[in-house]
Amino acid sequence: MLIRNASIVAGGRLLRDQNIAIDGPRISGVGPGIADESGDGEVIEGRGKLAISGLVNAHTHLAMTLFRGYADDMELMPWLSEKIWPLEAKLTAEDIRWGVKLGCLEMIRSGITCYNDMYYFMDEAARATKEMGLRAVLSGVLFDMRPDLIEDAEPFIRRWKNDDLIVPAVGPHAVYTCSEETLSRALDLAEKHDVMIHIHLSETRSEVESFAKNRGKSPVEYLDSLGFLSDRVVAAHCVWLSPQDVSIIADRGVNVAHCSISNHKLASGIAPLDRLARAGARICLGTDGASSNNSLNLFQEMKTTAIAQKCAHSRPDLFAAGEVWRMATENAYTAFRLDMGLRAGAIADLSLIDLKKPWFCPLADDNIVSHLVYSAQGGVETTIVGGRVLMRGGVIPGEEEILERAQEQFNDLLAR
Ligand SMILES: C[C@H]1O[C@@H](n2cnc3c(O)ncnc32)[C@H](O)[C@@H]1O
Ligand SMILES: [Zn+2]
C-alpha cells in the first residue's frame, strides 16, 4: 500500500510531499518518491492530508460508552457507588460487545489506534476490538468483592498473550478496593507473565487522606512498600501526590495516565503534572470512560491538559504543544512498548487528517503542532492499524449497525 504526497510532522515542522509505503503490518519506507514494495497496488492519495502516527488512549473503560450521559455532575465515590456500580452489576457480554464497538468508532474517528482498558467481560472486549481492528492493552478489573474476576486474571492472560492486536494485562482497580493480598497476587501474575499492571491511583483528596489516616502512608508509599511500582505499571490519575509520592513515581519509572477532562468533570482535582514532569516521570494521556468525560477524544485531552496546567500555575509557558503531543504519542509508545512512529520498520498504525479545515488555517511549516494541540476539532478521515484500513475517506464499514445496536443495548440495560 502507498500513501502518496502526504505531509508529516518531523522535528515539530511540517514536511510536505512525503510517500509512506506500507508492506503488511509494517511501514517499509517514508520519504519523497518512496515506492510501494508490497505489490498490493493500493494507493491512498495524501495530498492535502497530514499523516500522524497513531494516538494512544492510556486509560479508559471503553464499554462505558453505554453509560455516556447516564450520571453526570457527581463526584467520584457517590458516582461509582450510587449510580455506576449498581448498573454495572447488570452488564452482559453483549453490552460490552456493542459498547466497545461504539467506543472503537469514536476512537478511530479521532486518530486513536491503541487504547488501554480495565473493565468487565474482557474476552468479549478483545473480540469486539479485533473485529474493529484497533490495538489494545486489556485487563479484567480486579476487586476484592469479585473473587471470580481475580480467578480469571491468569487464564485471560494465557488466552490472549500471543495475539497480534490484543495485549493482556492485569487490572487491580485501586488500593481502596483491593486488599494487599489481591495487589500482591496481581503483581505476581504480572511479573510471571511479563505483562503490565493498570491501576487507579491517588485520584481524589478524600481517597488519599482516608487511606493515609488508616494506613499511616499515602497510596503511593503503600504500593511502593509492596514492591508494586515499576515501569510495568500504568497509574491512572495521580492527582493528589505529595512531593515524596512524585519522587517515588518518577524513580520507579511508573507510567502516569493523566486524565485531565475526567479529573475536571468529577472535580477530582488538577494533577501536579509540572512536578511530575520535572521529576522525570513519563506522562501519557487517557480519556477515562465516556461516563466521566464524556468523549473519547485525545485532541480534547491535549488541549485541556495544556491550558489547565498553564492556568493552575499562572505559567502560560508550561506544557508547550510539542510536550503535550508527545504525551499522546511517543511517551505512550514507550510506556506500552509499541514500535510506533512514521519510519521504516514501525508498525503501520497511523491516521490521515484533512488539512483543508478552518482550524488548520493559516498553515505554516512551524505551526502544525500548535494547531494539532490547541485548535484541531476533527478531520481525521483515514485510520490504519497494522496495515489494515479501518476508516477510509471518513467511512467506517458497519458504523450504522453499531450505532443502532449500541442504542438497543443501552435501552435494554436501563430496562433491566
Ligand atoms: C473498571 C471499574 O472502574 C470504574 N471506574 C470508572 N471510572 C473510574 C474512575 O475515574 N476512578 C475509579 N474507578 C473508575 C468502572 O466503573 C468499573 O467499575
Ligand atoms: Zn478509570
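As the structure lists them, so they are numbered: ligands from 1, and atoms in each ligand from 1. Computed from a prediction, not measured in an experiment: that's the story for all the values here. Side-chain atoms are counted along with the backbone in the values below, which use heavy atoms only and exclude waters and symmetry mates.
Residues Asp23 and Ser28 have side chains that never bring a donor and an acceptor to within less than 3.5 angstrom of each other. Side-chain atoms of Asn263 and Ser260 include no donor-acceptor pair closer than 3.5 Å. Side-chain atoms of Asp245 and Ser218 form a donor-acceptor pair, as typed in the model, at a separation below 3.5 Å.
Ion pair Glu151/Arg185 flagged as a salt bridge, since at least one NZ, NE, NH1 or NH2 atom sits closer than 4.0 Å to an Asp/Glu carboxylate oxygen. Ion pair Arg97/Glu131 flagged as a salt bridge, since at least one NZ, NE, NH1 or NH2 atom sits closer than 4.0 Å to an Asp/Glu carboxylate oxygen. Under 4.0 Å is where a charged nitrogen must lie from a carboxylate oxygen, and between Glu154 and Arg158 at least one such pair does. Taking a cutoff of 4.0 Å between a charged side-chain nitrogen and a carboxylate oxygen, Asp152 and Arg159 qualify as a salt bridge. Asp339 and Arg26 are joined by a salt bridge, as a carboxylate oxygen and a charged side-chain nitrogen come within less than 4.0 angstrom of each other.
At a heavy-atom cutoff of 4.0 Å, ligand 1 is contacted by no atom of Phe67, backbone or side chain.
Scanning all protein heavy atoms for the shortest distance to atom 13 (N) of ligand 1 gives His173 NE2, 2.8 Å. Ranking the protein heavy atoms by distance from atom 8 (C) of ligand 1 puts His200 NE2, 3.7 Å first. Remark: minimum distance from atom 11 (N) of ligand 1 to any protein heavy atom is reached at Glu203 OE1, 2.7 Å.
Near Trp85, meaning under 4.0 Å from any of its heavy atoms, are these atoms of ligand 1: 18 (O). Within ligand 1, counting atoms from 1 as listed, the ones closer than 4.0 Å to a heavy atom of His61 are 1 (C), 3 (O), 5 (N), 6 (C), 7 (N), 8 (C). Near Leu80, the atoms of ligand 1 lying under 4.0 angstrom from a non-hydrogen atom of the residue are 4 (C), 5 (N), 12 (C), 13 (N), 14 (C), 16 (O). Within ligand 1, the atoms closer than 4.0 Å to a non-hydrogen atom of Met118 are 1 (C), numbered from 1 in the order shown. Atoms of ligand 1 lying under 4.0 Å from at least one heavy atom of Ile84, given by number and element, are 16 (O). Within the listing of ligand 1, atoms 12 (C) sit less than 4.0 angstrom from a heavy atom of Tyr176.
At distances below 3.5 Å, at least one donor-acceptor pair connects side-chain atoms of Gln309 with backbone N or O atoms of Ala271.
Ring-centre distance between Phe299 and Trp359: not below the 6.0 Å cut-off.
Note on the Zn ion (ligand 2): protein N/O/S atoms under 2.8 Å are His59 NE2, His61 NE2, His200 NE2, Asp288 OD1.
Relative orientation of the His371 and Phe360 rings is tilted, given thresholds of 30° and 60° on the angle between their planes.
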